[in-house]
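Input: a single structure, listed below in structure tokens.
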There are 2 protein chains.
Amino acid sequence: MICIIINHGTSYKKVIMAKKNSKTGVNKPGKINRKQLAELAGVSETTVSRVYNNPELVASDKVELVRKTAAEVGYVPDKTASVLRRKGTGNILFLEIKMQKKYDWTQISYYNWFYADIVRTLFKQMESHMYQLRHYQAESIADILALKNMNICDAILVFNVEDKEIVEALKTLEMPFICCHHTEKLNSVSICATDNFYGGMLAARYLQQAGCKKPVYITGFLKETFAHSQRLNGFLSVFAKKNVAVLDGKIGIDGGFEAGKKIIASIKNAEADCIGVVNDLTAIGVIHALIAAGIKIPEQVSIIGYDNLPFTIALPFKLATVDLFLNRIYATAVDLVIKSIRNEKIYREVIKPAIVPGESVRL
Amino acid sequence: MICIIINHGTSYKKVIMAKKNSKTGVNKPGKINRKQLAELAGVSETTVSRVYNNPELVASDKVELVRKTAAEVGYVPDKTASVLRRKGTGNILFLEIKMQKKYDWTQISYYNWFYADIVRTLFKQMESHMYQLRHYQAESIADILALKNMNICDAILVFNVEDKEIVEALKTLEMPFICCHHTEKLNSVSICATDNFYGGMLAARYLQQAGCKKPVYITGFLKETFAHSQRLNGFLSVFAKKNVAVLDGKIGIDGGFEAGKKIIASIKNAEADCIGVVNDLTAIGVIHALIAAGIKIPEQVSIIGYDNLPFTIALPFKLATVDLFLNRIYATAVDLVIKSIRNEKIYREVIKPAIVPGESVRL
DNA sequence: CTGTTAGCGCTTTCAG
DNA sequence: CTGAAAGCGCTAACAG
């Protein structure tokens, strides 16, 4: 009899609604539960469960029957119940660590810009895995350790952290975690990182292809910031080290402005024909200094940044730069960390950046 | 006997771990459940439940006892089980609607900037209510209607939407929702909005206090965008309408550049001494046009934007602007929409913006 | 003010 | 390959 009903299509929804709750009382309004679906499909609840979790263990015709019936009556598995039964939390934690840094080279938290896309990416990627995103902001090691007993997540996705002390704290949580973004140098933990060496190399090549021969490279915090030294190393893998004038000083807009002033003379003397800058923010400062000195970009000097920051839309021309593909980094990280919940493996994925062409380089 | 054990403090954790699962089998690793807590505290599970949900219904000494015991053994209520039993989802949906607009005046999605802070605010505010944030991006009315059967949230927080058609679609979901940001004009639905009229007024007053007397107001899409017309109305509530030259054209950086060119002459002729701009993005364009024409800001003309966009750090001076306090708007919205899950009321909250002083106005 | 009882919807043994 | 039974941790009646 049930089978006959099924063949009538969507109108059974009413039938089902009427007969539902026969045994178990009222369930969520307008929803049918697994028991009802099982009855309608003429299988057990267990089989339905398997259809959703391990379909390979179920006869394929039954899989199809269950799926079809579910679609007809609008059945959607209840994730909450599943999570409860499985004793998980169903959450992946997006962990941001805001600790006092020894040096602070950003006047503004320019990461905010990328954050939007990262968060959207995370939300989306979680969904496809039936996980939900939870957020936590740690301001100390203690905050991180506190996670151990909070039971709010099954795994952690760490936003741009490469500090050993933090990594050690994370290890004590006995939970899979993955460190994303500028985390190339970390070992023995899962990472999903950008390839700063490769990016630096791309920047140099782009200038080289534009015919530049006398580069200046403006950077800062070379010792403190592995990402910066990698970008420089990549740059130097293209232009011979002895031919590159490296300025290691302050960065950010103000730092860039200072650095820019220092190279005005060498540009005017044609001792420098192009500039690689460690990031776009600093490049903005450099550009202001050069423009103020009457230097024409790119006629007199080409310049390339790094990060693909949107702030550069406030410049009078489009800045050539390097894009990290953060979306890809974070989407991959989600996939990997969720995998590691089951298999406890350690993953290591490095995403290659790409050039974003711009009018600041004369081709 | 249980009481005696309790008085020994944290060391019982071990005792409890050893005796746990006596009846119910293994629970989440390292966690004790409500039943065990109830036993330890010498009360019923129900009482514990009340302590967490309706403490006013429990004798205060018992509340304290339960809380203390819970703290000692590190008990944390399991939200998943609670949500399951309550037949809710435990989620508030953050709904972004990305529909094809008839007009597109932003070259870049500059909202991304604010998004980071908004999302952090939302996450944080949810937590204090034991709700979790879920995200959904709708690209059509159908996407919105689909939410009806998805059963993924208990309420919806809508990101910056004022379109009637969308609001109607939301109403069919039979779920509390709140429209945030530029939603002043909506009636009969919950809103948490910014006061654009007030902001426009503040901008005008700021210029007036700086001694400006001959304002130009640069705006666009006045008819299509209620927020823009409100900003203008606010501006005109300070400077008499007949004294203000209003330019209603294209906006964004390019639009601003065009508008800027048009007013060069009047500035040079001292027919205009200040400029109010509908937003910062447009102001950037205006500024570039004026600088290119050799006009000194703020010596020859003062200028104020709106939005407090960070892109303006790439300008050679700090732009005066108006801040909306988006954090406050969204935090309030969370509180309100969660309230309305229980009481089904309609809320209407309007947050007043404030001036962000800058060097672009000569005081 | 407090406790007892009966599940929420799902998954996981354990037997076929 | 399939199903029955036993709960996951919590809360909402209901009855004191």
Side-chain angles (χ1 to χ4, degrees), chain A residues 20-66 70 73 75-90 130 151-152 154 342, chain B residues 20-66 70 73 75-90 130 151-152 154 342:
Chain A
K20 80 172 178 180
N21 313 329
S22 46
K23 285 187 190 173
T24 54
V26 180
N27 48 15
K28 300 189 188 189
K31 306 285 297 175
I32 74 160
N33 63 21
R34 184 156 291 184
K35 184 172 199 164
Q36 294 157 357
L37 179 68
E39 263 178 46
L40 279 168
V43 296
S44 71
E45 275 191 72
T46 314
T47 298
V48 177
S49 176
R50 289 196 185 103
V51 167
Y52 285 99
N53 298 300
N54 305 91
E56 68 279 8
L57 301 179
V58 182
S60 58
D61 57 327
K62 287 210 174 169
V63 173
E64 215 167 303
L65 172 63
V66 169
V73 299
Y75 168 78
V76 181
D78 185 316
K79 203 189 137 233
T80 308
S82 159
V83 166
L84 172 63
R85 182 54 236 248
R86 286 202 164 113
K87 297 174 191 170
T89 63
M130 287 281 279
N151 196 233
I152 56 173
D154 301 331
R342 299 207 141 187
Chain B
K20 79 169 181 181
N21 312 326
S22 47
K23 285 187 188 173
T24 54
V26 182
N27 49 14
K28 299 188 188 190
K31 307 285 298 176
I32 75 159
N33 64 20
R34 184 157 291 184
K35 184 171 202 164
Q36 293 157 359
L37 178 69
E39 264 178 46
L40 281 167
V43 297
S44 71
E45 274 191 72
T46 313
T47 298
V48 176
S49 177
R50 289 197 184 102
V51 167
Y52 285 99
N53 297 301
N54 306 91
E56 67 280 7
L57 301 179
V58 182
S60 59
D61 56 328
K62 287 209 174 168
V63 172
E64 215 168 303
L65 171 62
V66 169
V73 299
Y75 168 78
V76 181
D78 185 317
K79 202 188 140 237
T80 308
S82 162
V83 165
L84 173 63
R85 182 54 239 246
R86 286 198 162 114
K87 296 176 191 166
T89 64
M130 286 282 280
N151 195 231
I152 55 173
D154 301 331
R342 299 207 144 188

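Throughout, a chain's letter reflects where its sequence line sits, starting with A, and its residues are numbered from 1. Below, each value reflects all heavy atoms present in this structure, side chains not excepted, and no hydrogens, waters or symmetry copies.
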For residues 43-51 of chain B, which side-chain N or O atoms pair as donor and acceptor with protein atoms under 3.5 Å away, sequence neighbours left out?
{"residue": "Ser44(B)", "atom": "OG", "partner": "Thr46(B)", "partner atom": "N", "Å": "3.4"}
{"residue": "Ser44(B)", "atom": "OG", "partner": "Thr47(B)", "partner atom": "N", "Å": "3.2"}
{"residue": "Ser44(B)", "atom": "OG", "partner": "Thr47(B)", "partner atom": "OG1", "Å": "3.2"}
{"residue": "Ser49(B)", "atom": "OG", "partner": "Asn53(B)", "partner atom": "ND2", "Å": "3.4"}

By side-chain hydrogen bond (donor to acceptor under 3.5 Å, both in side chains) - contacts of Lys79(B) (at least two apart)
Gln132(B)
Any chance you could measure Arg86(B), atom CZ, to Leu84(B), atom CG, to the nearest 0.5 Å?
11.5 Å
note: Glu39(B), atom CD; dG9(D), atom P; distance rounded to Å ~ 13 Å
Using whole Å, report how far NZ of Lys79(A) lies from P of dC10(C).
13 Å
Flag, side chain of Asp78(B) to backbone of Ala81(B), donor-acceptor distance under 3.5 Å
yes
Rounded to whole Å, how long is the line connecting atom CZ of Arg86(B) with atom P of dC10(D)?
11 Å
Measuring from Tyr75(A):OH to Asn33(A):CG, what's the distance to the nearest 0.5 Å?
7.5 Å
So does Asp154(A) get a backbone contact from the side chain of Thr89(A), meaning a donor-acceptor N/O pair under 3.5 Å?
yes
Going by the rule side-chain contact (heavy atoms from CB on, under 4.5 Å), which residues pair with Asp61(A) if we only count those two or more places apart in sequence or in a different chain?
Ala59(A)
Using the 3.5 Å cut-off, write out each protein N or O paired with an N or O of nucleotides 3-6 of chain C and the distance between them.
{"residue": "dG3(C)", "atom": "OP2", "partner": "Ser44(B)", "partner atom": "N", "Å": "3.2"}
{"residue": "dG3(C)", "atom": "OP2", "partner": "Ser44(B)", "partner atom": "OG", "Å": "3.1"}
{"residue": "dG3(C)", "atom": "OP2", "partner": "Thr47(B)", "partner atom": "OG1", "Å": "2.7"}
{"residue": "dG3(C)", "atom": "N7", "partner": "Arg50(B)", "partner atom": "NH1", "Å": "3.4"}
{"residue": "dG3(C)", "atom": "O6", "partner": "Arg50(B)", "partner atom": "NH2", "Å": "2.6"}
{"residue": "dT4(C)", "atom": "O4", "partner": "Thr46(B)", "partner atom": "OG1", "Å": "2.7"}

Measure the shortest side-chain to side-chain distance between Ile32(B) and Leu40(B) over non-hydrogen atoms and say whether it is less than 4.5 angstrom.
yes
Kindly state which residues belonging to residues 51-61 of chain B come within less than 4.0 angstrom of DNA chain D, counting heavy atoms of the residue only, listed by number.
Asn53(B)
From NZ of Lys35(A) over to P of dA4(D), roughly how many Å is that when rounded to an integer?
11 Å
Please state how far atom NZ in Lys87(B) lies from atom C1' in dC10(D), giving the value in whole angstrom units.
13 Å
